[in-house]
Amino acid sequence: MKNKIRIAVIVILAAVMVISGIKAVTIYMQLNAEKNVLETEKEKNDMRQKTEEPFKAEGDMIGWLKVDGTSIDYPVMHTPDYPEKYLHLDVNGEYSYSGTPFMDGSCSLDSDNMIIYGHNMLNKSMFSTLSKFETKEFWEEHKTIEFETEDGKAQYRVIAAIKTDVVKGEPLYSFISGTDEQYKSYLNLIRSMSLYDTGFTDSRRQLILLSTCSYHTEDGRFIVIGKKKID
């Protein structure tokens, strides 16, 4: 009887290992396919920049995001009527485990605060390398976020890096546009939650907030915020 139980357990474990292996291979193949799609988009964007052609919105693509010192070099999608459309879709609208970075449906290019979301992937793609800003030493060498749209190429100086969770971080996502007083209050909130002091001032300029999941706590979030540089 014991031998039968032992054999059954071995068979079950073997089956679990086979299924897990198949899933791992499937995910690996999916991520490789997604990488190829993104590489094609990056090549197209690089060619456009070399020929000095201005960025033109295509379909749901509203801009192109780059973050100094990270692997973030991606298109940004925007679908106000279906805010999370690209949570698990690539730029071509096909299923994607990694999804594509997208702007909050409540935001626009004219918002005081443009909020952009991206997944924290274990293969270091999407917004996973935002976490480099956890240390002030990294920030001191890498302070620039670049966001190119039809309005041109804009640069934002990183002013804060924040580790939080869904509940405590909710106020950070609630400010899109507002009065001078509301803007200043929001900057004070950022200042109080930032991992380190970046010495930013209260001058009013457009903000960009990059958000991804973080595994330091349940429903964790890692956020990097930049303020538009003066032309």
Side-chain angles (χ1 to χ4, degrees), residues 38 41-42 45 55 60-79 83-87 91 98-136 138-149 153-166 168-177 186-187 189-191 193-196 198 200 205-216 219-229:
L38 285 169
E41 289 300 319
K42 288 179 182 179
N45 189 58
F55 178 91
D60 296 330
M61 190 188 302
I62 195 173
W64 197 279
L65 180 72
K66 293 183 180 182
V67 181
D68 186 25
T70 76
S71 61
I72 298 172
D73 183 6
Y74 297 118
V76 175
M77 316 305 280
H78 190 222
T79 51
E84 296 187 349
K85 177 179 177 180
Y86 286 90
L87 189 66
V91 292
S98 306
T100 310
F102 61 93
M103 184 181 290
D104 191 293
S106 301
C107 298
S108 73
L109 296 179
D110 297 322
S111 297
D112 288 335
N113 188 28
M114 296 187 298
I115 301 172
I116 300 174
Y117 305 96
H119 285 299
N120 182 353
M121 302 300 296
L122 294 178
N123 66 349
K124 302 302 181 183
S125 65
M126 298 301 138
F127 280 10
S128 61
T129 50
L130 267 187
S131 61
K132 288 186 175 184
F133 283 99
E134 187 170 344
T135 68
K136 190 170 185 178
F138 179 82
W139 168 79
E140 286 173 341
E141 299 295 327
H142 309 90
K143 299 181 181 180
T144 303
I145 296 170
E146 183 181 286
F147 190 42
E148 186 175 9
T149 68
K153 190 179 294 184
Q155 291 191 333
Y156 299 77
R157 179 181 183 273
V158 175
I159 62 171
I162 298 169
K163 283 176 73 172
T164 185
D165 58 43
V166 171
K168 294 177 182 177
E170 194 278 331
L172 292 167
Y173 302 95
S174 63
F175 178 77
I176 305 298
S177 291
Y186 186 67
L187 290 184
L189 173 66
I190 293 171
R191 205 174 268 116
M193 296 182 71
S194 184
L195 291 171
Y196 43 82
T198 63
F200 67 90
R205 293 196 293 277
Q206 188 179 49
L207 303 171
I208 188 167
L209 184 154
L210 310 182
S211 173
T212 192
C213 291
S214 177
Y215 306 115
H216 68 281
D219 291 328
R221 294 292 184 271
F222 192 84
I223 296 167
V224 170
I225 300 172
K227 181 190 283 192
K228 193 172 185 177
K229 294 182 179 181

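In E140, the CD atom is crowded: over 12 heavy atoms of neighbouring residues, nucleotides or ligands sit closer than 6.0 Å. More than 12 heavy atoms of other shown residues, nucleotides or ligands fall within 6.0 angstrom of atom NZ in K143.
Closest non-hydrogen pair, F222 versus S131, comes out as CE2-CA, 3.7 Å. Considering all non-hydrogen atoms of both residues, P75 and L38 come closest at CD-CD2, 4.3 Å. Nearest heavy atom pair, residue C107 against residue I176, reads SG-CD1, 3.6 Å. Residues Y196 and K136 approach most closely at CE2-N, 3.6 Å, considering heavy atoms. The two residues I190 and A160 have their closest heavy-atom pair at CG2-CB, 3.3 Å. For F147 against V76, the heavy-atom pair with the smallest separation is CE1-CG2, 3.8 Å.
To the nearest 0.5 angstrom, F175 atom CZ is 4.5 Å from D112 atom CG. Here CG of L130 is found 7.5 Å from CD1 of I145. Values are rounded to the nearest 0.5 Å. Atoms OH and OG1, from Y156 and T144 in turn, are 12.5 Å apart once rounded to the nearest 0.5 Å. From K66, atom NZ reaches atom NZ of K153 across 6.0 Å, with rounding to the nearest 0.5 Å. The line from CG of N45 to CG of D73 is 7.0 Å long, rounded to the nearest 0.5 Å. The structure places CD1 of I116 at 10.5 Å from OG of S211, a figure rounded to the nearest 0.5 Å.
Evaluation of the ring-ring contact (aromatic ring centres under 6.0 Å, His included) rule for F138 yields F133, H142 as partners, not counting sequence neighbours. With sequence neighbours excluded, no residue forms a ring-ring contact (aromatic ring centres under 6.0 Å, His included) with H78. Among residues two or more places apart in sequence or in another chain, the ring-ring contact (aromatic ring centres under 6.0 Å, His included) test is passed with Y74 by none.
Of the candidates V224, I225, L195, I225 is the only one forming a side-chain contact (heavy atoms from CB on, under 4.5 Å) with I162.
No donor-acceptor pair under 3.5 Å is formed between the side chain of N120 and the backbone N or O of S214. Under the 3.5 Å distance criterion, the side-chain polar atoms of R221 are left unmatched by any main-chain donor or acceptor of E170. Side chain of T129 to backbone of S71: a donor-acceptor contact under 3.5 angstrom is found. Looking only at distances, a side-chain donor or acceptor of H216 sits under 3.5 Å from a matching main-chain atom of T164. Side-chain atoms of H119 never come within 3.5 Å of backbone atoms of S128 as a donor-acceptor pair (strictly under, hydrogens ignored). Proximity of a side-chain donor or acceptor of Q206 to a complementary backbone N or O of L109 within less than 3.5 Å is detected.
Judged purely by distance below 3.5 Å, without hydrogens or angles, the side chains of N123 and S125 pair a donor atom with an acceptor atom.
Residues V158 and V67 form no side-chain contact, since every pair of their non-hydrogen atoms from C-beta on lies 4.5 Å or further apart. Contact annotation: the side chain of M61 never approaches that of T100 to less than 4.5 Å [non-hydrogen atoms, C-beta and beyond]. Between F200 and R191, the closest side-chain pair of non-hydrogen atoms falls below 4.5 Å. A 4.5 Å side-chain heavy-atom check between L210 and L65 finds at least one atom pair inside the cut-off.
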Practice item. Might you work through the side chain to side chain contact (heavy atoms under 4.5 Å, CB included) test for Y117 and E84, ending with a clear yes or no? Key: CA-CA 9 Å; Y117 305 96; E84 296 187 349; over 6 Å; no
**Study point:** Candidate pair F102 and Y86, rule ring pair (Phe, Tyr, Trp, His ring centres under 6.0 Å), full reasoning
**Key:** CA-CA 7 Å; F102 61 93; Y86 286 90; 8.0 Å; no
**Study point:** Intermediate values then yes/no, side chain to side chain contact (heavy atoms under 4.5 Å, CB included), T198 and W139
**Key:** CA-CA 9 Å; T198 63; W139 168 79; 3.4 Å; yes
Practice item. Show your reasoning for whether side chain to side chain contact (heavy atoms under 4.5 Å, CB included) applies to I223 and M193. Key: CA-CA 10 Å; I223 296 167; M193 296 182 71; over 6 Å; no
